[in-house]
Amino acid sequence: RGPLVGNQTFGAVISTGGAYLIDGSLVRLPGRGWYVEGSGINMEHHGCVPDYIVPLTPHDEETDRDPQLVKAVKVLLKRLNKK
């Protein structure tokens, strides 16, 4: 849908559901997985790698800076100018 800017995601994507047992305890079970279309790569433990890797550091957070947002705006403006 568009370029992705930021850091690689963690890769915890399995959807789970729960079932209560007769003693009242809860058991969580995986219900589905997520795969990269066309490649068959399982996204569990293989997070999404952005098109533009831009780290966000604790210093950025402390100084209220968002280099990921700045890069995303630059990328989108460049795409608009090409059309």
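What you see is a predicted model, and the numbers here were worked out from it, not measured in a lab.
Contact record, L56 with P67: CD1-CD, 3.7 Å, taken as the closest heavy-atom pair.
Atoms CD and OH, on E44 and Y35 in that order, are 9.5 Å from each other to the nearest 0.5 Å. Separation of atoms CD (Q68) and NZ (K71) is listed at 12.0 Å; rounding is to 0.5 Å. Interatomic distance, CZ of R65 versus CG of D60, reported as 4.5 Å (0.5 Å rounding).
Taking Ile, Leu, Val, Met, Phe, Trp and Tyr as hydrophobic and joining them when side-chain heavy atoms fall under 4.5 Å apart, one finds L29 in a cluster with L21, V27. Under the 4.5 angstrom side-chain criterion for Ile, Leu, Val, Met, Phe, Trp and Tyr, the cluster partners of I53 are V49.
With sequence neighbours excluded, no residue forms a salt bridge (Lys or Arg N to Asp or Glu O under 4.0 Å) with D66. For V73, the side chain to side chain contact (heavy atoms under 4.5 Å, CB included) partners at least two apart in sequence or on another chain are L69, L77. Partners of P3 according to the side chain to side chain contact (heavy atoms under 4.5 Å, CB included) rule, which considers only residues two or more places apart in sequence or in another chain, are D51, Y52, V75, R79.
Sorted by first and then second residue, the side-chain hydrogen bond (donor to acceptor under 3.5 Å, both in side chains) pairs with a member in residues 4-21 read S15-R32, S15-W34, T16-R28; sequence neighbours excluded.
No more than 12 heavy atoms of other residues, nucleotides or ligands sit less than 6.0 Å from atom CG of D64.
The hydrophobic clustering, which links ILVMFWY residues whose side-chain heavy atoms are closer than 4.5 Å, places V13 and I41 together.
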